[in-house]
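Order of appearance sets the numbers: ligands from 1, and atoms from 1 within every ligand.
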Amino acid sequence: MKVVVFSSKDFEIPYLEEANKGRHQLTFIKESLSSKTAIKAVGYDAISIFSADDACFNTIEKLRDFGVKFIALRSAGYDNVSLRTATRLGLKVANVPEYSPNAIAEHAVALLLAVNRKLIVSNQRVKYFNFNLNNLVGFDLKNKTVGIIGTGRIGAVMTKIMHGFGCNILGYDLDQNQELVTKYNLRYTTLKELCAEADIISLHVPLNTATHQLINEDLIYEMKDGVILINTARGAVINTEAVIEGLKNRKIGALGMDVYENEKGVFFSDHSLNIPDDDLLIALNARPNVLITGHHAFLTEEALTSIAEATIYNLDCWMSKKDTENELTKVGKTI
Ligand code: NAI
C-alpha cells in the first residue's frame with residue numbers, strides 16, 4: 001500500500017521502518033495534515049497521522065477526493081479526526097488504542113515528583129553552585145489523596161503506581177473499573193467530591209464534548225488549597241485561563257502539564273528563536289511551580305515500538321481486505 005506519513009519525526013522513522021519490513025511504500029513528510037497540506041496525499045491509498053494533525057471535515061473531504069481510503073493514526077487519542085465525516089465518506093480510520101499506558105502514567109508521576117519536590121528549580125540553582133534549600137519544601141506522597149479523573153488504561157496504571165506510593169485513591173469515570181476498587185482501594189466519587197478531597201489530581205480522560213474544559217473555574221474553586229494538578233491527557237480538558245488564575249491565587253500549588261490547549265503549531269518543533277506569541281503559554285512558562293513538557297509522555301522505546309507495530313498492523317489488515325479491531329469508523333464506535 002502507498003502511504004504518506006504526515007508529521008513524521010526523526011525519532012519514529014526507524015521504528016516504523018523496522019515494523020514495516022518493506023511491506024508498504026512509506027513516504028515520510030514533516031508537514032502536518034491540514035486542509036492546505038491534504039494535497040500531499042494525492043496518489044496514496046492511505047495516510048498516517050499523529051495527534052497534532054488536523055483531520056477535520058474539510059480535510060477528510062479533500063482526502064476522499066484525492067483517492068485516500070485509509071487513515072492510520074499513530075496515536076491513541078482521536079479528537080483531531082472527524083470520525084463522523086470519515087464514516088460518511090467511507091474512509092476507514094484506525095488508532096493505536098493501547099501502546100504503552102505505562103509510558104504516559106510514568107510521565108505523569110515524573111511530573112508530579114518533579115513539581116512536588118521542586119527538582120527543576122533545585123537543579124537550576126545547583127547549576128550556579130547555589131545550594132540554598134529555601135522554598136524547596138515538598139510533601140510526602142504517602143497517605144495523600146490522589147484523584148484520578150479517567151480510570152481507563154492510563155488511569156488504571158496511574159492508580160496502581162500511586163497505590164504503591166501509599167496514597168489513597170479517588171476515581172471519577174463514566175465506567176467503573178471494579179478491579180481498581182478491590183486491588184487498590186480506589187473509591188469512585190463524584191467529580192466535585194474528588195476535587196474537594198484530593199491533594200493531587202491527575203487527568204486521564206479523552207478530549208470530547210463532555211470533557212472539553214472540564215477543569216474550569218467552578219471546579220477549581222472546590223479544590224483544596226495548594227492542590228497539585230497533572231495533565232497528560234489533552235490540553236483542552238482544562239480551562240487554561242482558569243488554571244492560571246488558580247496558580248496566581250495559590251489555590252493550585254503546582255501544575256505539571258505535558259499537553260496544552262493551544263499546542264497545535266507550537267509543540268513538536270523548535271521556536272526558541274521565534275517565541276510563540278501566546279500570552280497563556282508565556283504566563284505558564286514563567287511560573288516556577290509550573291512544569292511543561294512538550295507532549296512527550298509517549299516517548300519511550302516500548303511505546304514507539306508498539307505504535308509502529310500497530311500502525312503497520314492496521315495497514316496490513318486493510319491491504320489484505322480484512323477488518324482491524326482498532327478501527328474507529330465501525331458503526332457504534334463513532335463519537
Ligand atoms: P481509555 O479510553 O482507556 O480511558 C479513558 C477513560 O476516560 C475511560 O475509562 C472512559 O470511560 C473515561 N471517560 C471518557 N469520557 C469521560 C467523561 N466525560 N467523564 C468521565 N470519564 C470519561 O484511554 P487511555 O488510553 O487511558 O488514554 C486517555 C487519554 O490520554 C487519551 O484519550 C489521550 O487523549 C491521552 N493520551 C496522551 C498521551 C500523551 O503523550 N500525553 C499519549 C496517549 C494518550
Side-chain angles (χ1 to χ4, degrees), residues 7 9 11-12 49-53 73-81 83 93-112 147-162 169-181 186 188-195 201-216 219 229-238 255-261 263-264 267-268 291-308 310-311 325-326 328 333 335:
S7 298
K9 309 279 183 295
F11 60 76
E12 62 178 339
I49 60 171
F50 191 57
S51 56
D53 294 294
L73 305 184
R74 307 196 298 290
S75 62
Y78 47 86
D79 47 274
N80 53 330
V81 182
L83 292 180
V93 181
N95 70 340
V96 180
E98 178 175 335
Y99 47 82
S100 173
N102 277 77
I104 324 303
E106 289 172 18
H107 193 83
V109 177
L111 289 173
L112 168 59
I148 313 263
I149 300 183
T151 59
R153 296 180 190 90
I154 298 168
V157 177
M158 188 69 182
T159 300
K160 188 173 169 183
I161 298 174
M162 297 321 295
I169 322 280
L170 299 178
Y172 171 73
D173 200 301
L174 300 176
D175 293 327
Q176 303 200 349
N177 178 345
Q178 285 312 312
E179 195 186 333
L180 301 179
V181 174
L186 177 144
Y188 280 101
T189 63
T190 62
L191 188 54
K192 200 169 163 184
E193 194 182 341
L194 181 149
C195 288
I201 297 174
S202 194
L203 302 173
H204 302 288
V205 278
L207 177 63
N208 55 37
T209 42
T211 61
H212 184 254
Q213 311 247 320
L214 185 72
I215 304 299
N216 57 18
L219 266 190
L229 187 60
I230 304 294
N231 187 9
T232 55
R234 284 291 181 264
V237 172
I238 65 177
L255 169 68
M257 51 186 265
D258 185 52
V259 285
Y260 167 56
E261 201 173 354
E263 68 178 57
K264 199 174 280 174
F267 280 20
F268 303 119
L291 176 53
I292 309 173
T293 53
H295 205 142
H296 76 92
F298 70 99
L299 213 52
T300 67
E301 288 176 9
E302 291 78 2
L304 289 173
T305 305
S306 232
I307 290 171
T311 303
E325 62 276 23
N326 302 329
L328 300 164
K333 258 187 154 179
I335 46 171

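Atoms of ligand 1 found under 4.0 Å from any heavy atom of Phe298, numbered from 1 in the order shown, are 40 (O). Close contacts between ligand 1 and Ile104 involve ligand atoms 38 (C), 42 (C), 43 (C) [criterion: under 4.0 Å to a heavy atom]. Counting the atoms of ligand 1 from 1 in the order shown, those under 4.0 Å from a heavy atom of Arg153 are 1 (P), 2 (O), 3 (O), 4 (O), 25 (O), 26 (O). With ligand atoms numbered from 1 in the order given, ligand 1 contributes 18 (N) to contacts under 4.0 Å with heavy atoms of Ala210. Close approach to His204 involves these atoms of ligand 1, each under 4.0 Å from a residue heavy atom: 5 (C), 28 (C).
Across the listed options Asn208, Ile154, Asp79, Ile154 owns the non-hydrogen atom lying nearest to atom 24 (P) of ligand 1. Between atom 9 (O) of ligand 1 and the options Asp173, Val96, Leu207, the minimum heavy-atom separation is to Asp173. The option with the heavy atom closest to atom 37 (C) of ligand 1, from among Val157, Val237, Thr232, is Thr232. Taking all heavy atoms of Leu174, Asn80, Leu203, Asp175 into account, the minimum distance to atom 16 (C) of ligand 1 is reached by Leu174. Looking at Ala236, Ala233, Gly150 and measuring to atom 35 (C) of ligand 1, the nearest heavy atom belongs to Ala233.
Among protein heavy atoms, atom 18 (N) of ligand 1 sits closest to Thr211 CG2, 3.4 Å. In terms of protein heavy atoms, atom 42 (C) of ligand 1 is closest to Tyr99 OH, 2.9 Å. Here the heavy atom of the protein found nearest to atom 7 (O) of ligand 1 is Pro206 CD, 3.4 Å. What sits closest to atom 22 (C) of ligand 1 on the protein, heavy atoms only, is Val205 CG1, 3.6 Å. What sits closest to atom 4 (O) of ligand 1 on the protein, heavy atoms only, is Gly152 CA, 3.2 Å.
When only modelled atom types and interatomic distance are considered, Thr151 and Asn177 share no side-chain donor-acceptor pair under 3.5 Å.
Counting heavy atoms closer than 4.0 Å to ligand 1, residue Asp258 contributes side-chain atoms (C-beta onward) but none from N, CA, C or O. In His296, neither the side chain nor the backbone holds a heavy atom less than 4.0 Å from any atom of ligand 1.
Here OH of Tyr188 is found 8.5 Å from CG of Asp175. Values are rounded to the nearest 0.5 Å. Separation of atoms CD1 (Ile307) and CG (Leu73) is listed at 11.0 Å; rounding is to 0.5 Å. With rounding to the nearest 0.5 Å, the separation of CG in Leu112 from OG1 in Thr232 is 11.0 Å.
Taking Glu179 as the reference, Lys183 meet the salt bridge (Lys or Arg N to Asp or Glu O under 4.0 Å) condition, with sequence neighbours excluded.
Among all heavy-atom pairs drawn from Ile201 and Ile149, the shortest one is CG2-CD1, 3.7 Å.
For the pair Asp173 (side chain) and Gln176 (backbone), a donor-acceptor distance under 3.5 Å is absent. The backbone N or O of Leu214 sits nowhere less than 3.5 Å from a side-chain atom of Thr211 that would complete a donor-acceptor pair. Judged purely by atom type and a 3.5 angstrom limit, Asn95 uses its side chain to pair as donor or acceptor with the backbone of Ala76.
The aromatic rings of Phe298 and Tyr99 sit perpendicular, their planes meeting at an angle over 60°, well past the 30° parallel limit.
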